[in-house]
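Letters A, B, ... mirror the listed sequences (proteins, then strands); counts begin at 1. Every value quoted in this text rests on a predicted model; they were computed, and no experiment measured them.
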Amino acid sequence: MNLLTLAAADLRHRPLPNFLHLVLLGLGIAMITALLLISTQISGRLQRDANGVDLVLGAKGSPLQLILSTVYHLDIPTGNIPLDEANHWASNPMIAEAIPLSLGDNARGFRIVGTTPALLKHYGARFAQGQVWDAPMQTVVGSEVAQSGFVNGATFIGMHGLGASGHAHADHQYRVVGVLAPTGTVLDRLILTSLDSVWEVHGAHHHDADEHDDDDHAEDHAASGDGAANYNAAKEITAMLMTYRTPLAAASLPRMINTQSKLQAAVPAMETARLLNLLGLGFDTLRALAAVLIVAAALSVFVALYTAMETRQYDLAVLRSLGVSRGRVVALLWIQALSLSIAGTLIGLLLGHGAVEAMGRVAGTGRNVSLTGLTLQADELAILLLPLLVGTLAALLPAWRAYRSDVAATLSQS
Amino acid sequence: MLRFEQLRHRYGERTVLDVGDLRIEDGAQMLLLGPSGSGKSSLLHIAAGLLRPTEGRVWLDDMELTGMHGAALDRVRGRRVGIVFQRLHLIPSLSVLDNVLVAQYSAGNKVDAGVAMETLDRLGMSAKAKAKPSSLSLGEAQRVAIARTVVNRPRLILADEPTSSLDDANAEQVLRLLCEQAQGATLLIATHDARAKAVIPQQVILKAAAQQVVA
Ligand SMILES: Nc1ncnc2c1ncn2[C@@H]1O[C@H](COP(=O)(O)OP(=O)(O)OP(=O)(O)O)[C@@H](O)[C@H]1O
Ligand SMILES: [Mg+2]
């Protein structure tokens, strides 16, 4: 027998209002937790993928689309650009590193990216098995790709296009010669190969433009439609990921490229910020909704405690007549409000993590941004402070009323 | 021993209690009689340290209740005084046994289920130890309330109108149980129930107007 058992007994005695409180607070906290987890995971992922890429050179079109397609591998590319022209800009003294990318095909939904080993180095990738390609049609696969059956030594054929649809390049077989250890970046979901492989597949292959899922793709493989002969003359890539040698480059280079060439220069940092801003708008609305739920929860504890005071005042007066001090009566009410709020918060945290984990699983095999609820974040400590605030605020008025109540008058009421 | 010294109590301008000096010896069992509004309840609350008199002093044994405050006064009330209310006021969320244990806890005494069960047993209520107050008959609830009052072996037991809503049999039973369970404690029962005189002959009478004490 102590204040905790007294508080617990009273909470059990009034299950309905207490349950209502748990539901309201639990939902509010769950929403905030889920938002926190999702937004940090998305923005963390976006930042890691764009890490060190200062500028992306590609075909004209939407800059966001260019970044999404070549840095995050989410959207379809804006088109292709001549390799010569890309190399011209890459040799600018303000550029430290330039990594060419050539997109166009996929294997079971994983993008096949023609590039150079510099891309591996850029993301600090390590080999779990095998090594980098040294001939066309050899590939290195990311960890998630390997988990989907593309094991070291396996052979596969590419499908045209970047989605799961499209026709097979049946006469060109790729082989896995290396598997990367997980990097936590977009690399985990890519199949990497030499630029030559991509050119070989598309250069030797004849197909009609209507088979492409998109107009952009027609441009994508403009060379291949004309046959192998002039494909050699004008090699094309999709984009070039570039790193500045000097921060000064940011001021002049993108504008120079955009005005003086037929190419487009897009800045990942800017486009990512724009994207997060768009997402942020949605997050803010949800956050406001969660705040409303939490305030409603605080009110529900308050109402539960306060209305219970009408009948509860006799219990509390009896405790006082039995020798319990005013301070302890106040403590009892506070403990009750706090334990309700803490329970609601814990339920909310569990729900929030569970929901994010479920979303991560349903969203599937990590094609895009993979989510997990099985992590804890430092900001969640702030969430743990919430029940203290909610509980204390809710207990304030009832506690004050109990503190001031006249025991003798209460007990002689009939 | 309960002692009042030049005790007067006013609510606002109106003096409702003027008992002067009054002394109730250890182990005395007394009725506190008087018409409605004569201040019986007020006097009990003063004796319990729940109400501070506007004038005079109150002594319980060697302790001056009127000189004590806050938690110290609460502790004395918990350990030395037991109160029975007309409307029992058992705590509905607690079992019968817990209603007795809560008295031990509140007084700052050791919470001892053995002692609590013995007390319930003496009142014939040990079989219902796990029941909730709402499932008890009025007579049973009264026994539990008495168990809660006496479990700490208080020096002073105060009861305010314990019989007013009871039939003859129940009224007599409650009074007898109180006398029996007092076990040497001073017992003061405020009532205007004439039936009580048959059980407890000793009385203090408060008069409505003149507030003269007749022992
Ligand atoms: N808190 C209070 N404030 C103002 N007046 C009060 C208060 N408590 C009691 N009184 C008044 O003091 C007088 C004595 O009240 P008290 O309850 O002590 O009488 P009583 O003898 O117990 O009466 P009853 O037999 O009706 O229970 C009454 O006139 C009552 O109205
Ligand atoms: Mg009265």
Side-chain angles (χ1 to χ4, degrees), chain A residues 1-19 304-305 307-337 339-340 398-400 402-414, chain B residues 40-42 44-46 48-52 69-95 97-113 116 132 134 145 148-149 151-152 154 158 160-161 164-165 190:
Chain A
M1 176 71 51
N2 53 45
L3 288 184
L4 277 178
T5 51
L6 284 176
D10 191 68
L11 290 177
R12 272 201 305 275
H13 197 63
R14 268 179 273 275
L16 201 62
N18 295 330
F19 178 74
L305 272 181
T307 52
M309 285 297 287
E310 281 310 319
T311 43
R312 193 82 199 286
Q313 59 175 331
Y314 300 108
D315 297 4
L316 298 178
V318 165
L319 289 179
R320 298 268 294 114
S321 80
L322 289 172
V324 174
S325 66
R326 283 175 201 275
R328 289 196 154 218
V329 168
V330 168
L332 175 63
L333 290 174
W334 192 52
I335 286 174
Q336 252 179 275
S339 43
L340 259 183
W400 175 245
Y403 189 86
R404 291 295 304 271
S405 82
D406 180 345
V407 179
T410 305
L411 291 177
S412 48
Q413 273 169 30
S414 45
Chain B
K40 302 182 294 294
S41 295
S42 300
L44 288 192
H45 294 148
I46 287 170
L50 288 170
L51 180 65
R52 198 165 287 279
H69 298 271
L73 181 59
D74 291 328
R75 201 167 316 119
V76 170
R77 177 169 59 252
R79 298 213 170 152
R80 307 239 177 165
V81 184
I83 313 171
V84 183
F85 305 100
Q86 182 192 339
R87 295 185 64 202
L88 304 182
H89 292 309
L90 294 176
I91 296 177
S93 60
L94 299 179
S95 70
L97 177 60
D98 284 344
N99 262 285
V100 179
L101 293 178
V102 81
Q104 296 178 328
Y105 165 74
S106 299
N109 286 340
K110 183 162 165 273
V111 177
D112 186 334
K132 281 282 162 72
S134 56
R148 178 176 71 183
T149 304
V151 70
N152 290 321
L158 305 168
D160 197 358
E161 312 278 8
S164 58
S165 57

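- Counting heavy-atom pairs closer than 4.5 Å to chain B, the top-ranked of the candidates A/S321, A/G327, A/A409 is A/S321.
- Using a 4.5 Å cut-off between heavy atoms, B/V111 contacts chain A through its side chain alone, with no backbone atom that close.
- Heavy-atom distances place both the backbone and the side chain of B/L101 under 4.5 Å from chain A.
- Side-chain contact check for B/Y105 versus A/T5: every heavy-atom pair is 4.5 Å or farther apart.
- For B/P92, the parts lying near chain A are the backbone and the side chain together; criterion is any non-hydrogen pair under 4.5 Å.
- A/L6 has its side chain within reach of B/L94: a pair of non-hydrogen atoms, C-beta onward, lies under 4.5 Å apart.
- Here the side chain of B/R77 pairs a donor or acceptor atom with the backbone of A/R320 at under 3.5 angstrom.
- Heavy atoms closer than 4.5 Å to chain A are found in both the backbone and the side chain of B/A71.
- A distance of 10.0 Å separates CZ of B/R87 from CG of A/L411, quoted to the nearest 0.5 Å.
- Using a 4.5 Å heavy-atom threshold, the side chains of B/R148 and A/V318 count as touching.
- Not a single salt bridge (Lys or Arg N to Asp or Glu O under 4.0 Å) links B/D98 to another residue, sequence neighbours left out.
- Contact tally against chain B (heavy-atom pairs below 4.5 Å) for A/L11, A/D10, A/V324: the top residue is A/V324.
- Both the backbone and the side chain of B/H89 come within contact range of chain A, with heavy atoms under 4.5 Å apart.
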